[in-house]
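See below for the structure under consideration.
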Number of protein chains: 2
Amino acid sequence: MSAIEQTEAARPRGTRLPRRARRNQLLGAAQEVFVAQGYHSAAMDDIAERAGVSKPVLYQHFPGKLELYLALLDQHCESLLHAVRTALASTSDNKLRVAATMDAYFAYVEDEGGAFRLVFESDLTNEPAVRERVDRVSLQCAEAISEVIAEDTGLSTDESMLLAVGLGGVSQVVARYWLSSESPIPRDTAVSLLTSLAWRGIAGFPLHAVEGQLSAEGH
Amino acid sequence: MSAIEQTEAARPRGTRLPRRARRNQLLGAAQEVFVAQGYHSAAMDDIAERAGVSKPVLYQHFPGKLELYLALLDQHCESLLHAVRTALASTSDNKLRVAATMDAYFAYVEDEGGAFRLVFESDLTNEPAVRERVDRVSLQCAEAISEVIAEDTGLSTDESMLLAVGLGGVSQVVARYWLSSESPIPRDTAVSLLTSLAWRGIAGFPLHAVEGQLSAEGH
DNA sequence: CTGCACGCCGATCTTGACCTCCACGGCTAT
DNA sequence: ATAGCCGTGGAGGTCAAGATCGGCGTGCAG
């Protein structure tokens, strides 16, 4: 979070800002517009107007619309990956790991400005650069999860990746559903429910594991 | 241009077709182009050329690009919903139900032409009509699944919907991953793995709800 | 005081894609 | 067979949106 940021309210169209501050402000305005309207419906005019500047200023800071979008996308991909890795590393108890990771997805989705839409609901997936970013962050998250799975279940890399993609997918899809539907279920309860589902599912797998001190939970 | 255009399926550029057949052919061509390029990158010229007709005939069958897209989208939403409902009704054994539903998603994704992209990876979600279709089919699938869950676990409607969205999400996300990655895992094995994951997860909830040996564990 | 540099703005250009207007050719009725 | 009808085809209009060029005002050095 930027500290000294004169957010909206009173943005007279004539204020002069240092380049770095102006750039950050433009990024903020662009995020709002892209999140609200999607890439294609968002016009550079809208972004400039939202920021309280004219279009040429926008082009003095970013080469074009695509680069502006990619800058935001990179930022939020990085953010998601960091959140997932942090959650996975937050404990060594696997059940808590599942809960922490689920919660990370929920927190990410609930993050201000709904920036998750840029990653999970982009309308520019045909653009190779965007596709590459989105696929990469999904894969990296899945790989991080699959490492834990492979280590603790002895499943093959391919199999654990399949399950990891599934767990990441569940988190992402349900978090978005929970956010969009004005569900009466509070966040903690939703995370808890999903954690039960996922943990019971994944904990049943150490078929090939040598020993199961995990199996204490064995239902 | 003087060369005979007898390329595939005998589509000489001058053939007159009955109205219904022409419409279906146009739908097929449009699907190919939309799937390959996405909505925005796809041009009406491309679709007309792909079908071997000129643009005016396209506009004699469809009022505009959006309506053409919606016709395809409706068709494939219907198809998905039908597949899921059929799978759920195919048996009364819950574990087999899970397996059948998973397999339905995989079959749907593997369906010819990759038409699932229109539903799961549309780049027109900003258009309210499209958003409405996509959200509706997701909700309807989730509702169908949640009915079974609610009936067999005694969970509340909200809770079972949350889990149902999760199960549908897993199926959809993993099926797409499995298709895109040239995974060495055969389809049956992948479905089986996911079924184990999902079944263990879902079966852990109070199966016979009336009796109250409820959650013996904390979460 | 005066010139200079810098950041900003109004107005404009161009591209590209959706959507129609004038000529051509096969089918049918008498 | 011939005249008419209707669907097809290519060329063009329109418009939205991304990208850019000549002025303007402010602050500072000399």
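Throughout, protein chains are lettered first and strands after them, A, B, ... in sequence-line order, and every chain is numbered starting at 1. The model shown is predicted, which means the values in this text are computed figures rather than measured ones.
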Per [X] side chain, nearest of listed nucleotides [options]:
X	options	result
A:Asp45	D:dG18, D:dT8, D:dC21	D:dG18
B:Val57	C:dC8, C:dC21, D:dT8	D:dT8
B:Val53	C:dG10, D:dG9, D:dT8	D:dG9
A:Ser54	C:dG10, D:dA19, C:dC18	C:dG10

Those residues that, when tested against [X], pass salt bridge (charged side-chain N to carboxylate O under 4.0 Å, His left out) (two or more places apart):
X	result
A:Glu132	A:Arg136
B:Arg23	none
A:Asp45	A:Lys55

* Strand contacts (DNA chain C) in residues 62-71 of chain A, 4.0 angstrom heavy-atom criterion -> none

Looking at [X], does any N or O in its side chain come under 4.0 Å of the phosphate oxygens OP1/OP2 on [N]?
X	N	result
A:Tyr59	D:dT20	no
A:Gln60	D:dT20	no
A:Arg22	C:dC8	yes

I'd like a list of close polar pairs between nucleotides 23-25 of chain C and the protein, N/O only, cut-off under 3.5 Å.
none

Nearest whole angstrom, please: distance from the [atom2] of [N] to the [atom1] of [X].
X	N	atom1	atom2	answer
A:Glu49	D:dA17	CD	C1'	15 Å
A:Ile47	D:dA19	CD1	P	11 Å
B:Phe34	C:dC18	CZ	P	8 Å
B:Asp46	C:dC18	CG	P	8 Å
A:Leu58	D:dG18	CG	P	10 Å
A:Met44	D:dA16	CE	P	19 Å

* Structure fact -> Judged by nearest nucleotide, the residue sitting upstream toward the 5' end of DNA chain D, A:His40 or A:Pro56, is A:His40

Using the 3.5 Å cut-off, write out each protein N or O paired with an N or O of nucleotides 12-16 of chain C and the distance between them.
none

* For the pair A:Tyr105 and A:Phe120, name the ring-plane relationship: parallel under 30°, tilted 30 to 60°, perpendicular over 60°. => parallel

* Non-hydrogen side-chain atoms of B:Tyr108 and B:Gln172 separated by less than 4.5 Å -> no

* Within-4.5 Å side-chain heavy-atom neighbours: B:Asn94 and B:Asp152 -> yes

Report, one line per pair, each donor and acceptor closer than 3.5 Å where one atom sits in a side chain of residues 140-147 of chain A; sequence neighbours left out.
{"from": "A:Ser146", "atom 1": "OG", "to": "A:Glu143", "atom 2": "O", "distance (Å)": "3.1"}

Output a table of donor-acceptor pairs, distance under 3.5 Å, between side-chain atoms of residues 187-198 of chain B and any protein atom two or more places apart or on a different chain; print 'none' if there are none.
{"from": "B:Arg187", "atom 1": "NE", "to": "B:Asp103", "atom 2": "OD1", "distance (Å)": "3.4"}
{"from": "B:Arg187", "atom 1": "NH1", "to": "B:Glu110", "atom 2": "OE1", "distance (Å)": "2.7"}
{"from": "B:Arg187", "atom 1": "NH2", "to": "B:Asp103", "atom 2": "OD1", "distance (Å)": "3.3"}
{"from": "B:Arg187", "atom 1": "NH2", "to": "B:Asp103", "atom 2": "OD2", "distance (Å)": "3.1"}
{"from": "B:Thr195", "atom 1": "OG1", "to": "B:Val191", "atom 2": "O", "distance (Å)": "2.7"}
{"from": "B:Ser196", "atom 1": "OG", "to": "B:Ser192", "atom 2": "O", "distance (Å)": "3.1"}

* All ring pair (Phe, Tyr, Trp, His ring centres under 6.0 Å) counterparts of A:His40, not counting sequence neighbours -> B:His40

* **Non-neighbouring partners of B:Tyr39 that pass ring pair (Phe, Tyr, Trp, His ring centres under 6.0 Å), sequence neighbours left out** => B:Phe34, B:Tyr69

* **Residue pairs involving residues 59-79 of chain B (criterion salt bridge (charged side-chain N to carboxylate O under 4.0 Å, His left out); sequence neighbours excluded)** => B:Asp74-B:Arg133

* Asked: Going by the side-chain hydrogen bond (donor to acceptor under 3.5 Å, both in side chains) test, which pairs reach into residues 157-166 of chain A, not counting sequence neighbours?
  -> A:Ser156-A:Glu159

